[in-house]
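Take a look at the structure set out below.
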Amino acid sequence: MLDIRLIRENTDLVKQRLAHRSGDYASVVDELLSIDTARRSAETERQKLQGDRNRISKDIGIAKKNGQDTSPIEAEVRGINDRIEEIGRDADAADIRQRDLLLSLPNLPHEACPVGHSAEENPEVRVWGDKPSYDFEPKDHTILGQTLGMLDFEAGAKITGSAFVVYRGAGARLERALINFLLDLHTTQHGYLEVNTPHLVKAECLVGTGQLPKFGDQVYHSPEDDLYLIPTAEVPVTNLHREEILKVEQLPIQYAAYTPCFRREAGSAGLGTRGLIRMHQFDKVELVKITAPEVSMAELESLTANAEKVLQLLGLHYRVIELCTGDIGFGSAKTYDIEVWAPGQGTYLEVSSCSNFGDYQARRMNLRYKGEDGKNRFPHTLNGSGTALARLFVALVETYQQADGSILIPEALRSHFGADKIS
RNA sequence: GGUGAGGUGGCUGAGUGGUCGAAAGCACAUCUUUGCUAAAGAUGCGUAGCCUUAACAGCUACCGAGGGUUCGAAUCCCUCCCUCACCGCCA
């Protein structure tokens, strides 16, 4: 959520930054400004009337004590109350409208975020390793997975539907080994605290991180309980501190969490979504940071490095790209994507998206910290996958496949997996 | 799911219709004094909005949430939520 005062006082700057995003928000800003003016004038009027009422009511109490007849002034207060109610309706309506508009406005891209219109303009930041070469035709993970009895897409479709999968045998074990490997790495080497959160959350959590109200059609919802299946651990983990005032000594807060993620993927079904690459449910280890504003950009770099370490240890070739203003997510001010090479696909797969949200999410969830000077401030929130499992699984089995159809387990994963190959 | 108790400021905890945004204590901050591994005293110390501003100040709202009664609600009424205890059920 943007600060209404920033919009009021630096309208041009706000419009100019938003203009770099895809989508047109100038008219929303204009409506916001006129609603804000109306809201404040109604609010001022209401508060003045409430002040009148409070004063006169006190007088009534005193007059009654003195045994005086108070019925004329009581009638006067009733008249004031009618006007308070009337003007209050305007003030409340404007307030609700203003909040709705603010929630529908995306974050301002940071000045460090490269300007561009679409994914084609995302600059490549760095590349690690090389594309592996094979003296045979590398197979797709769906072939490998089914041949080795690791992946059963038919069973997934049978019990739930398309874009759900059943991991079996070595596949299930590999998935579990990867989760443990990731959590162990981030908690013992990178200083994150492991948390294990509910997979169902209240609507306000999704508002807090930005999925609601705008992207409600992308999340699974249980109407009886008004609970939502989490699309990412970012939601429960970042909201752990919603409505709180943190102490400055608590910062930075660093959490790592494994959860399954549930996504409806409305409108994108069947589009280049072979195998594990785009599922309605997938596992992910998420990294979340809450930091002081001054250090958030540096923390984004370290968070991204923490995610990259995963791929380095597993020996997987990857590249890091920076999302341009036309491609960054709704709430993000700056984002790096990490894309791992999948030889069977002949393409890079996004396995991590590391973003600095600035104070955008903190404002939405009213998360603050008390600064050195005793003033309450909004901290910055960051998160990134560390990493998404399904696609990491794809890259791993496709990269380490052998001519005989077996799969080597990279050194770093062997103690977690308990074997050095799958055959 | 049942029964009972309860939800007040960072914490403890008063407060059952009128000058209560809320006593007192603790914690915290600044200052003073005595002096030294501490003590005493003074002052300050919630959140948000509005209006102003160089700053201060002022006003309004908030005592779990939402409604209601009233000229006036932390206080009375209704609904809901949550916490704790015991019982039931259960992985």
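Treat the numbers as computed from the prediction; the structure is a model and nothing was measured.
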Q) Reckon Lys370(A) has a side-chain N or O less than 4.0 Å from the OP1 or OP2 of U47(B)? A) yes
Q. Does Arg55(A) have a side-chain nitrogen or oxygen under 4.0 Å from the phosphate oxygens OP1 or OP2 of U19(B)?
A. no
Q.
Any side-chain N or O of Arg53(A) below 4.0 angstrom from OP1/OP2 of C71(B)?
A. no
Q. Atom NZ of Lys64(A) to atom P of C71(B): distance rounded to whole Å?
A. 8 Å
**Q.** Nearest-Å distance for atom pair CG/C1', residues Asp59(A) and U19(B)
**A.** 10 Å
Q: Decide, yes or no, whether a salt bridge links Arg78(A) with Glu74(A) under the criterion of side-chain N to carboxylate O below 4.0 Å.
A: yes
Q. Which is true for Ile62(A) with a 4.0 Å heavy-atom rule: it touches a base, it touches only sugar-phosphate, or it touches nothing?
A. base
Q. Does a side-chain N or O from Arg8(A) land closer than 4.0 Å to OP1 or OP2 of C50(B), or not?
A. yes
Q) Does Arg78(A) make a side-chain N or O approach to OP1 or OP2 of U70(B) shorter than 4.0 Å? A) no
Q. Taking NZ, NE, NH1 and NH2 as the nitrogens, is one of them in Arg55(A) or Asp52(A) under 4.0 Å from a carboxylate oxygen of the other?
A. yes
**Q.** Short side-chain N/O contact from Asn81(A) to OP1 or OP2 of G72(B), under 4.0 Å
**A.** yes
Q: Give a yes/no answer on whether the side chain of Asn54(A) brings an N or O atom under 4.0 Å of OP1 or OP2 in U19(B).
A: no
Q) Looking only at atom P, what distance separates G13(B) and G6(B), rounded to whole Å? A) 13 Å
